[in-house]
Every structure is written in structure tokens, then in C-alpha cells.
Amino acid sequence: MSEWAAPGSTAIVAVRQDIEPDWHTYWRNPGDSGGATTLTWTLPGGVRAGDIVWPLPERQRLAGLMNYGYSGEVYLPVPVEIPASARAGATLSLTVKALFLVCSAEMCVPDELTLSLDLPVRDGAAPLDPRHGAAIQSILETAPRPAGIEARTALENGVLTLSATGGPLAGSDPGPSYFFPFEGGVIEHPAPQSGAWGPEGLTLRTQAGGELRSTGLQGPISGVLVTARGAWEITAEPGPGLPGSAGSGDLAPADDGPAETGPSEGVSLAGFAQAALFALFGGLILNLMPCVFPILAMKAAALTKSAHDPAHARRDGLAFLAGVLTTFLLLAGLLLALRAAGEAVGWGFQLQSAPVTAGLALLMLAVALNLSGVFHVGAGLQGAGSGPLARLPGGLGAFFTGALAVVVAAPCTAPFMAFALGAALLMPWPMALAVFLMLGLGLALPFLIVSLTPGLLSRLPRPGPWMERLKSLLAFPMYGTAAWLVWVFARQSGSEALGLLLLAAVLTAFGLWLAGVNQARRAEGGTAVVSAVAAAVALVSAFALVGVAARMPPETDVGAAGSSSLPSQPWSTAAVEAALAEGRPVLVNFTADWCVTCKINERAALGSARVEAAMEAAGAIYMVGDWTRRDDAITAELQRHGRSGVPLYLLYSPESTEPRILPQLLTEGVVIDAFNDIRP
């Protein structure tokens with residue numbers, strides 16, 4: 001702000017953002033999506049940088065979302081303490097790594113810049129910098145700050161009431177008013193804020209946010225109260241409304257601020273194309289993720305059968321593609337519909353449902369028994385093995401192979417997927433569905449290319465008895481998948497529900513074995529009424545037990561999802577803030593039991609002795625955000641960091657206002673290097 005700094009003074013430096021039209025960055029609480037700007041400083045000895053002095057944000061509405069951020073030109077001032085020992089005539093070299101999340105109505109792009117400033121040190125008061133000094137000074141003068149306002153807050157039936165009195169609020173009508181909380185999850189950002197004013201202040205009412213509804217009012221709420229008279233920082237303690245905060249009239253509604261441009265008002269085709277391309281790459285890489293390995297068994301079974309029949313191979317490849325795309329379209333449509341209805345759900349939401357998990361477990365068991373030859377679907381014993389998925393006939397089997405691949409594999413997020421899905425969830429629904437379809441195309445593309453390429457197919461061995469042995473062998477990944485889903489169900493529901501599901505699995509296996517006996521008897525020309533009736537009774541009983549198990553209330557002592565050996569505690573924003581206030585770094589692992597990639601990361605990277613030693617040396621705390629079951633607070637935190645699914649790893653440092661995001665595929669070295677970077 002000034003041309004130089006004096007020894008022992010506090011200088012003001014600022015990061016200037018010149019934001020392109022139709023794009024924006026974010027305030028400290030970005031609202032329903034996005035992420036705040038973070039600054040990581042490298043400073044000479046004795047020089048200390050404070051927190052960003054955040055200018056008052058704009059409210060930016062996008063469809064059903066509300067974001068808090070900035071557009072056009074904005075300065076983010078930071079106070080920098082200059083030590084008294086600094087020598088006049090010297091120059092201090094200040095370096096900052098600035099991470100911005102820059103978003104339009106269609107997509108978000110992270111932008112990381114390393115900026116430097118050589119700050120002269122001289123004696124005496126310095127004049128303002130002629131280029132930017134006046135603008136920075138204006139920000140400092142108008143930035144919200146405490147003003148002797150007393151505030152109280154109460155939560156009742158999902159409505160958060162805030163009353164504030166004293167200081168500049170006393171007197172006449174304060175005009176349109178709005179409360180910006182410092183933390184996400186406190187209020188429903190898009191919800192209107194209404195209220196009344198009185199001789200001493202005002203009262204505001206709005207819908208409580210998902211985290212507040214789930215945890216209740218645990219402590220004070222801080223934020224910025226904006227009125228027609230000005231904006232001030234307040235901290236509202238839990239308690240009844242303050243006297244004099246109502247009774248004189250209703251508050252005028254606050255203007256929502258600029259709305260973000262929708263598709264009919266000029267969508268960026270370049271942004272949509274980039275998101276679609278990232279989705280395609282993400283789908284391709286998804287084939288290499290651990291969660292997809294069991295599904296490769298079904299693909300392999302399909303290829304071995306049709307390798308030397310090009311017509312059937314083409315049919316199977318196209319049917320597999322149709323199954324993948326149809327299922328992606330259905331899941332994406334349901335996800336977008338739920339989000340439009342105000343539900344806090346993310347990608348992989350289907351496995352957060354205990355009934356879906358239980359049903360998929362039995363389905364995978366049935367697929368495995370089919371591959372093992374216990375029973376057959378289609379043309380009886382003579383047609384055994386004629387279909388690529390669990391011996392379903394022809395293209396129908398390939399179609400359902402693709403559908404199962406999506407249902408089981410999609411909850412994992414591969415590199416590029418996080419960006420593509422985060423962008424898609426902010427797009428108009430036609431573009432969002434197109435991005436999801438590109439993700440499905442990437443998942444299906446390798447199988448499709450092989451099935452449409454006779455040269456590649458001809459390299460596979462000729463059909464023979466080995467195929468039946470291979471199919472029996474490929475049943476075991478399906479048994480493994482069924483066992484994994486049973487374990488996920490147990491984590492979601494508890495031991496009593498697990499017992500019912502295991503009994504349902506036994507009845508399912510018994511019923512399908514009876515179905516196989518019935519098929520064999522009929523193939524010999526006999527009748528098998530008893531086995532058919534018994535099979536039907538067993539299968540109906542199994543599904544009835546699944547229904548009972550899925551409706552049982554979850555046990556409260558089901559452990560957190562994190563499976564590493566590190567001592568952990570449950571994640572919450574309050575717990576993170578408390579640890580940082582003690583000067584301790586925090587590693588947060590957002591995970592779920594149905595996320596296979598998460599489990600591998602926890603075993604291979606987070607469970608190592610070297611990582612534990614690095615955390616102990618840094619004095620760090622390990623927290624786990626368990627998304628196995630639906631948790632609106634975790635969903636909101638994922639969205640705040642531009643993610644729609646797990647895994648997400650955040651490393652907080654007391655010296656930084658925002659966390660560092662670690663890669664989705666962790667190694668021991670990546671985690672240790674991250675901790676070494678924050679150690680003094």
C-alpha cells in the first residue's frame with residue numbers, strides 16, 4: 001500500500017485479482033460451491049504475515065445455489081509485521097504462493113501463482129503507492145470489523161434466528177440486511193433472510209444449514225452482518241433474542257446480488273468442452289482404479305467367448321457401451337434431480353443407501369454362482385456360457401455388464417474425474433448430463449475398441465474347454481465383491497442387520513442351487529415342481545430378510561471408516577479450528593467404506609510407520625470424515641473444495657488459512673513430503 005516500510009511497523013501488501021467478465025473468485029466462506037483463495041508465504045527472518053483482510057463479498061446466485069465471492073478487480077490486503085531490527089536501506093523479499101479457484105457458470109479452474117515483492121525499508125512515514133495505494137486503503141477502511149455489537153442466536157425447527165443490538169445498529173431502520181457466516185453449513189445460503197428491526201437493533205431469520213441441523217447449536221456463530229448503514233463482524237452467542245431487536249417494523253428484503261449467467265445467456269463452449277474432455281480422461285483412468293478390478297472379470301468373460309466371432313464381438317461391445325451410458329445417465333439424472341430438490345448428495349450416493357448396498361451384495365453373489373455353474377440363465381444347460389455377463393444371452397448380458405460396472409465402480413473418483421464432476425454439478429442440466437455421458441464413454445472405450453478391432457480379437461486364444469475353467473475362476477472376484485459389499489453394509493447398519501443379510505445370502509445361494517437342480521431335471525425331460533417352488537420360496541424369503549435388515553436403525557457405535565493404523569478422531573470444522581488454534585497441523589481424510597481407492601490409500605500410505613512418525617514429528621492430528629452413510633456436512637465440505645466424491649485429503653497448517661489438497665492416489669512419500677513442507 002505504501003512505497004516503503006519502516007522498521008517495527010506493520011506494512012500492508014495486497015494480492016490483486018483482475019477477474020475476467022463472467023468469472024469470479026471466492027470469499028473466505030465460498031457458499032454452496034467453490035473454494036477460498038489461499039496464500040502461503042515465504043518471508044525473511046522476523047517478518048510475519050497476518051490473515052487476509054477480506055473485502056465484503058458479493059452474493060452470486062446460480063440456479064439453486066448461492067455463492068459468496070468477487071468479480072472484476074479485487075484486492076486482498078494482508079498485514080505484514082516488519083521487525084524493529086530491520087535495517088533502513090535494506091530490501092525485504094516477500095514471496096507468496098497464491099491459489100485461486102476461478103469459476104464461471106459452467107466450470108471452475110484452479111490457478112496457482114507464485115508472486116514476489118521487494119519491499120524497501122526506510123525510516124519515517126511512507127506515502128501511498130501511486131498505483132494501488134488508494135484502492136487498498138479504501139478496502140481497509142470499508143472492510144467489516146467489530147463495532148461493539150452484541151448478538152444472540154437460537155435454533156428451532158430448522159430456523160436460525162439471529163438478533164443483534166447496540167453500536168451502530170441502534171436508532172432508525174437499518175434497511176435491507178444480510179448475515180454472511182464465516183463457516184459453511186451454518187445456514188442454507190440460497191434461502192431468503194427476513195426479519196424485523198427495533199429501537200436497539202434487528203432480528204434476522206433464515207433456514208439453518210445441514211451441519212447445524214445435524215449437530216445442533218454447539219457454540220457461537222461468527223460472521224459479517226451487512227445493513228444499509230454498513231457491515232460489521234459479529235459473534236452471536238447461543239441465547240434468547242435480545243430486547244429492542246424487533247417491534248418497530250419489518251426489514252426490507254436484501255437484494256441477491258448478481259446472478260451468474262446461465263446457458264441461454266451465453267455459455268462458454270470452451271469451458272464445457274474442457275470439462276467433457278476431462279470427463280473422458282477420467283473415465284479412461286477409472287478402468288485402472290482398484291474399485292473396477294472385479295468388473296474386469298465380467299469383461300474378460302465376454303471377450304473370451306466372442307473373441308473369434310467378430311459379429312458377436314461388435315454386438316457385445318456396443319451393448320456394453322449402451323449399458324454403461326444408460327446407467328450413467330440414470331444415476332446422473334437422479335443425482336441432479338436430488339440436488340435440485342435441495343438434497344446434499346454427491347457422486348457415489350447410491351452406495352450410501354443400505355438397501356442398495358444389500359441388494360447389490362446379493363446380485364454379485366448371484367453373478368458369482370452363475371459363473372461357477374450353479375445355475376444358468378438363458379438357453380438352459382446347452383447354452384451355458386453363451387452370454388458375457390453371468391451367462392445372460394447375447395447383447396443383453398453385455399448391456400447388464402456395463403450397468404453393473406457403473407453401479408459398483410462409479411463411486412470411486414479417478415484423476416480428472418474430480419474436476420469434471422465438480423464442473424458438471426454447476427452446469428445447466430443438459431450440459432451436466434453430457435459431461436456424465438463422456439465419463440461413461442471413457443469407462444467403456446477400451447472394451448469397445450477391442451470388440452471393434454478384429455486384429456486385436458484374433459490374438460486371443462481359440463475357444464475351448466479352458467474357457468469354462470476361466471469362467472469358473474472369474475467367479476471369485478465376484479464373490480470378493482459380494483463380501484466387500486456385505487462388509488460395507490455391516491459398517492452402515494451394524495451387527496444385527498448383518499446377521500439378517502448373511503441369512504439372506506444363504507437363502508439366495510440355496511434358492512439359486514435349487515434353480516440349477518430344476519434346470520438339470522428339466523434338461524433330462526423330467527418335471528421339477530418341488531424344486532421350483534422351493535427355489536421361489538427361498539429367494540422371496542431372502543429378499544424379505546434384506547428388506548427387514550435395511551430398515552433396521554443403524555447402530556451408533558459403528559466405527560469411523562478410516563482403516564489406517566493412525567490414531568484418529570471424527571472430523572468437524574470446529575475440531576479443525578480447535579487444533580489449528582493450538583498450533584497443530586491437521587490431516588483430514590474424507591473417506592467411505594465403499595470407496596476401494598480410499599481403503600488402499602489408507603493401508604498403503606496412511607498406515608505406514610514412516611507416515612506416523614512424520615505426523616508425530618509435526619505434532620499433527622489425524623481426522624476422518626466418514627461418508628459411508630449420508631452426511632450433509634461432509635457433502636458441503638467436499639463441494640467447498642470442488643469435489644463431488646471421495647477420497648479427499650486436506651492438510652491444514654496453522655500458518656495458512658486454507659488447506660493443501662493432497663492427490664487422490666496417495667503414496668507414503670507424498671504424505672511425508674507434505675508434512676515436511678509445513679515443518680519449520
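Residues take their numbers from the sequence shown, with the count starting at 1.
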How far apart are the C-alpha atoms of Leu76 and Trp54, what are their side-chain angles, what is the distance that settles it, and do they pass the side-chain contact (heavy atoms from CB on, under 4.5 Å) test? CA-CA 6 Å; Leu76 301 179; Trp54 293 95; 4.2 Å; yes
Please report the C-alpha distance between Gln17 and Thr37 in whole Å, then the side-chain angles of each, then the deciding distance to 0.1 Å, and finally whether the side-chain hydrogen bond (donor to acceptor under 3.5 Å, both in side chains) criterion is met. CA-CA 10 Å; Gln17 298 177 348; Thr37 297; 3.3 Å; yes
Full working for side-chain contact (heavy atoms from CB on, under 4.5 Å) between Met615 and Arg610: CA-CA 9 Å; Met615 291 189 65; Arg610 291 182 60 209; over 6 Å; no
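With hydrogens and angles disregarded, a donor-acceptor distance shorter than 3.5 Å links the side chain of Asn29 to the backbone of Pro181. Distance alone, capped at 3.5 Å, is enough to place a donor-acceptor pair between the Asn601 side chain and the Leu666 backbone. Using a distance-only test at 3.5 Å, with no hydrogens or angles considered, no donor-acceptor pair links the side chain of Tyr70 to the main chain of Ile19.
Under the 6.0 Å cut-off for aromatic ring centres, His189 and Tyr68 qualify, their centroids lying closer than that.
Residues Val586 and Leu651 have side chains not in contact (no heavy-atom distance under 4.5 Å, counting atoms from C-beta outward). The side-chain heavy atoms of Thr215 and Ser572, taken from C-beta on, include no pair separated by under 4.5 Å.
Residues Glu58 and Ser71 bring a donor and an acceptor atom of their side chains to less than 3.5 Å of each other. Between the side chains of Thr573 and Glu183, no donor N or O sits under 3.5 Å from an acceptor N or O. Checked by atom type, the side-chain pair Thr235/Ser222 shows a donor-acceptor distance below 3.5 Å.
Of all the heavy atoms in Pro44 and Ser93, the pair that sits closest is CD-O, 3.4 Å.
Within a 6.0 Å sphere centred on CZ of Arg48, other residues, nucleotides and ligands contribute 12 heavy atoms or fewer. Heavy atoms of other residues, nucleotides or ligands lying less than 6.0 angstrom from CD of Glu73 number more than 12. Surrounding CG of Asp673 are more than 12 heavy atoms belonging to other residues, nucleotides or ligands, all under 6.0 Å away.
Using cut-offs of 30° and 60° on the angle between ring planes, the pair Trp571 and Phe590 is perpendicular.
The existence of a salt bridge linking Asp677 and Arg660 is confirmed by a sub-4.0 Å separation between a basic side-chain nitrogen and an acidic carboxylate oxygen.
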